[in-house]
Number of protein chains: 2
Amino acid sequence: MTADHERMLREASLRVTRPRVAVLSAVHDEPHADTASIIGAVRTELGEVSHQAVYDVLRALTAAGLVRCIQPPGSPARYESRVGDNHHHVVCRSCGAVADVDCAVGATPCLTASDSHGFAIDEAEVVYRGLCPACATAAGRSAPPSRKESRV
Amino acid sequence: MTADHERMLREASLRVTRPRVAVLSAVHDEPHADTASIIGAVRTELGEVSHQAVYDVLRALTAAGLVRCIQPPGSPARYESRVGDNHHHVVCRSCGAVADVDCAVGATPCLTASDSHGFAIDEAEVVYRGLCPACATAAGRSAPPSRKESRV
DNA sequence: AGTCAATCTTGATTCATTCAAGAGAATCGG
DNA sequence: CCGATTCTCTTGAATGAATCAAGATTGACT
């Protein structure tokens, strides 16, 4: 429902425009979508929209805290709507799929650096790497599938 | 001391060429150097060397486990010579400086995800973000940081 | 030395992202 | 409701990292 998204924009003191609502919907509909997928989804809904607009919107939404940007190496930027909680990501080495991973229960061990070299650390992001179920079984018998889209 | 680096290459079954020795030296001399810096260092030592050669060499060295590639968001790829131990990195939000951070607890505590969604996780990389000492003091008196809450 | 395969050079290309300038639209005070 | 203001979108071009392709060199082994 777009009414929710409109309200989210207003509450974040952002102007409500159709590209913004569409981008927000796209990120909610397909978590971990990369920029190209988002542009595609927005254009499916609204017709032609400039990629520049999508980039601007994503930046504004990220700055407002409505979406979160993750940048896995070897993949374009991806966005997700889960914000404000402490969760990380696992990225498939083979196909690039991304899934959410809640932080290991307990004391968040890795967030306590032993020697911070004087850095004022305020955030830590953990990226797990491995094989997704599909690629793991595929690798067991033949060549793994080539890189494709993110899938929850 | 190029003799050591030559030996490292031979022990990894890699051909010993001047570009390779120079790249290996550069990575050892300047930890966390980005690709452009490495190209610069190599050219300072050898004269003109194609960037393609440096890319190829870095890939070969990474595959052989002689160097490690880290890819902080918003920065080109960086390389370091510390391999085989479990350590992570802290990246300055302001200037992009990178420093090593030893994992606080035990050997590989970060590999314990609470729910792996069936992924076969074999590695975890932790990226801490914050301000380096220089940028922290600079931000203290001039432009104050506009950062949001520190969500771990 | 001679041979072969790995490596480097040259040059072009892809891709994600950003920059710049102007047209257009959302919000707010009247 | 309406105009003014400011933010947002469109258009078009540019940047920068990294990759691809083809041919020339060169290291390693016999």
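Keep in mind that what you see is a predicted model, and the values were worked out from it rather than measured.
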**Asked** Counting heavy atoms not belonging to A/R82, are there more than 12 under 6.0 Å from its CZ?
**Response** yes

**Message:** For a quick check, with a 4.0 angstrom heavy-atom cut-off, what is the B/S/- contact string for nucleotides 19-30 of chain C, read 5' to 3'?
**Reply:** B-----BBS---

**Prompt:** Which whole-number value in Å describes the distance from B/R78 CZ to D/dA17 P?
**Reply:** 11 Å

**Prompt:** In whole angstroms, how far is the P atom of C/dC8 from the CG atom of B/L46?
**Reply:** 11 Å

**Message:** Under a 3.5 Å distance rule, please check whether B/S37 uses its side chain to pair with a backbone N or O of B/A33 as donor and acceptor.
**Reply:** no

**Request:** Give one of base, sugar-phosphate or nothing for A/A60, where a contact means two heavy atoms less than 4.0 Å apart.
**Result:** nothing

**Item:** Any side-chain donor near an acceptor of the partner, B/D100 and B/H32, under 3.5 Å
**Value:** yes

**Asked** So A/E125 and B/R129, salt bridge (Lys or Arg N to Asp or Glu O under 4.0 Å) or not? Walk me through it.
**Response** CA-CA 8 Å; A/E125 170 137 16; B/R129 320 208 115 244; over 6 Å; no

**Interatomic distance, A/I39 CD1 vs C/dA16 C1' [rounded to whole Å]** = 9 Å

**Request:** Mind calculating the distance between CG (B/L58) and P (D/dA18) to the nearest angstrom?
**Result:** 10 Å

**Message:** Between B/H87 and B/E80, is there a side-chain donor-acceptor contact under 3.5 Å, judged purely by atom types and distance?
**Reply:** yes

**Side chain of B/A53 (C-beta onward), nearest among C/dA16, D/dA18, C/dC8** = C/dC8

**Request:** Round to the nearest Å and state the distance from A/Q71 atom CD to C/dT18 atom C1'.
**Result:** 14 Å

**Prompt:** Is it the case that more than 12 heavy atoms not belonging to A/R7 sit under 6.0 Å from its CZ atom?
**Reply:** yes

**Message:** Could you tell me how far apart A/Y55 (OH) and D/dT11 (P) are, to the nearest whole angstrom?
**Reply:** 17 Å

**Request:** May I have the distance from A/L9 (atom CG) to D/dC7 (atom P), rounded to whole angstrom?
**Result:** 17 Å

**Item:** B/E48 CD to C/dT10 C1', straight-line distance once rounded to whole Å
**Value:** 11 Å

**Request:** In sequence, state the C-alpha distance, the side-chain angles, and the governing distance for B/E123 and A/R93, and then conclude on salt bridge (Lys or Arg N to Asp or Glu O under 4.0 Å).
**Result:** CA-CA 10 Å; B/E123 185 192 7; A/R93 278 211 156 75; 2.5 Å; yes

**Prompt:** Any idea which of D/dC9, D/dT10, C/dC8 is nearest the B/D56 side chain?
**Reply:** C/dC8

